[in-house]
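If you read the sequence from its start, that first residue is 1, and numbering goes on from there. Just the heavy atoms: all of them, side chains too, but no hydrogens, waters or symmetry mates, feed the values below.
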Amino acid sequence: HANYLDVCDGARGDDAAPLVLTLIGLPLGFEEQAADLFPTPEVPKKPVPTGKVKEGQAPLYERDGQGKVVLAEDKNDPEYRAAAKASARGSVAFYVYHGLKADPQVKFDTDTTKVGKAFYLGVWDEMESVGFSSGDVIQIFQKVMELSNFDKAKIEKARLDFLSLEQTQ
């Protein structure tokens with residue numbers, strides 16, 4: 001069952017006619033496929049400093065009741081942020097690509113010899129190179145998720161996670 005979405009006014013300039021896309025809902029199992037292909041990377045942990053460092057000495061770290069160093073998630077770790085951004089982009093591209101399969105006007109030029117992650121990251125790069133903004137892509141993603149009857153809380157969490165990573169480029 002197809003649905004239509006008027007999207008991407010800004011991608012081609014303010015004077016351009018709206019782009020109307022035909023989207024389809026995805027069958028059961030797509031959430032698992034996306035999660036398997038683009039797992040959420042584990043957030044690294046680092047020791048929590050006490051804030052009291054004497055010059056020339058190593059930093060002191062907070063300890064728990066058993067004397068073990070307290071660790072805290074480090075979501076600002078550059079490697080983690082790069083992996084999380086690639087995972088979010090790939091996952092969104094996965095849903096958008098499959099949700100647009102019913103639209104005869106949409107053809108991706110991404111190298112089909114690429115498989116898995118590389119292919120969907122290529123789809124992301126292609127959407128970006130033709131002028132789609134992150135907002136355009138997330139709008140398509142949300143509609144595909146809604147048509148697929150995926151959990152609204154998961155859709156919102158994915159949207160917020162994706163946008164937070166995109167805004168900190």
Side-chain angles (χ1 to χ4, degrees), residues 1-14 16-44 73-169:
H1 179 256
N3 201 342
Y4 302 96
L5 177 66
D6 174 356
V7 71
C8 310
D9 294 336
R12 298 171 336 276
D14 293 334
L19 176 61
V20 178
L21 299 170
T22 304
L23 304 174
I24 56 171
L26 305 174
L28 292 174
F30 258 73
E31 285 180 295
E32 291 81 14
Q33 288 179 35
D36 289 346
L37 195 55
F38 293 99
T40 302
E42 189 172 326
V43 180
E73 288 186 343
D74 182 10
K75 290 188 176 183
N76 292 320
D77 177 82
E79 287 180 26
Y80 164 76
R81 290 196 63 77
K85 187 180 226 177
S87 178
R89 285 180 168 191
S91 181
V92 166
F94 177 83
Y95 286 105
V96 168
Y97 175 81
H98 289 284
L100 285 169
K101 278 188 170 182
D103 194 322
Q105 70 178 335
V106 176
K107 180 184 178 302
F108 288 95
D109 294 326
T110 301
D111 182 357
T112 55
T113 62
K114 293 180 181 178
V115 293
K117 290 180 183 182
F119 176 77
Y120 295 106
L121 290 171
V123 167
W124 174 272
D125 291 342
E126 186 176 340
M127 288 186 294
E128 197 172 57
S129 73
V130 298
F132 283 86
S133 70
S134 295
D136 296 332
V137 175
I138 203 70
Q139 184 181 4
I140 299 167
F141 165 77
Q142 283 180 279
K143 190 64 175 176
V144 169
M145 297 290 278
E146 289 170 17
L147 288 170
S148 305
N149 290 320
F150 292 141
D151 183 295
K152 290 193 185 328
K154 285 184 184 178
I155 296 171
E156 183 61 12
K157 182 183 180 329
R159 184 185 77 79
L160 293 173
D161 289 350
F162 174 81
L163 291 175
S164 73
L165 291 165
E166 287 300 306
Q167 292 170 353
T168 57
Q169 291 185 18

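Ser87 places no side-chain N or O within donor-acceptor distance of the main-chain N or O of Ala84, the cut-off being under 3.5 Å. One N or O on the side chain of Glu126 and one on the backbone of Thr110 form a donor-acceptor pair closer than 3.5 Å.
Closest heavy-atom contact between Ala34 and Phe94: CB-CD2, 3.7 Å. Across all their heavy atoms, Asp109 and Lys107 have their closest contact at OD1-NZ, 3.2 Å. Across Glu31 and Tyr95, no two heavy atoms sit closer than the pair CA-OH, 3.2 Å. For the pair Val144 and Ile24, the tightest heavy-atom approach, listed with the atom from each and the gap, is CG1-O, 4.0 Å. The two residues Ala102 and Pro104 come nearest to each other via the heavy atoms O-CD, 3.2 Å. Annotation for Lys75 and Arg81: closest pair O-CG, 3.1 Å, computed over non-hydrogen atoms.
Remark: Asp77 pairs with Pro44, Asp74, Glu79, Tyr80 by the side-chain contact (heavy atoms from CB on, under 4.5 Å) rule, at least two apart or across chains. Take Phe108 and apply the ring-ring contact (aromatic ring centres under 6.0 Å, His included) test, not counting sequence neighbours, and it matches Tyr97. Applying the side-chain hydrogen bond (donor to acceptor under 3.5 Å, both in side chains) criterion to Tyr120, with sequence neighbours excluded, gives His98. Checked against salt bridge (Lys or Arg N to Asp or Glu O under 4.0 Å), Asp36 has no partners two or more places apart in sequence or in another chain. For Asp103, the side-chain contact (heavy atoms from CB on, under 4.5 Å) criterion is met by Leu21, Thr22, Gln105, Val106, not counting sequence neighbours.
Rounding to the nearest 0.5 Å places CG of Asn149 at 8.0 Å from CG of Leu147. Rounding to the nearest 0.5 Å places CD1 of Ile140 at 14.0 Å from CE of Met145. Within the model, atoms OG of Ser134 and CD of Gln139 stand 12.5 Å from one another, a figure rounded to the nearest 0.5 Å. Taking CZ of Phe119 as the start and CH2 of Trp124 as the end, the distance is 15.0 Å to the nearest 0.5 Å.
Side-chain contact between Leu23 and Leu100: present, with at least one pair of heavy atoms (C-beta onward) separated by less than 4.5 Å.
Residue pairs meeting the salt bridge (Lys or Arg N to Asp or Glu O under 4.0 Å) criterion with at least one partner in residues 110-125, sequence neighbours excluded, are absent.
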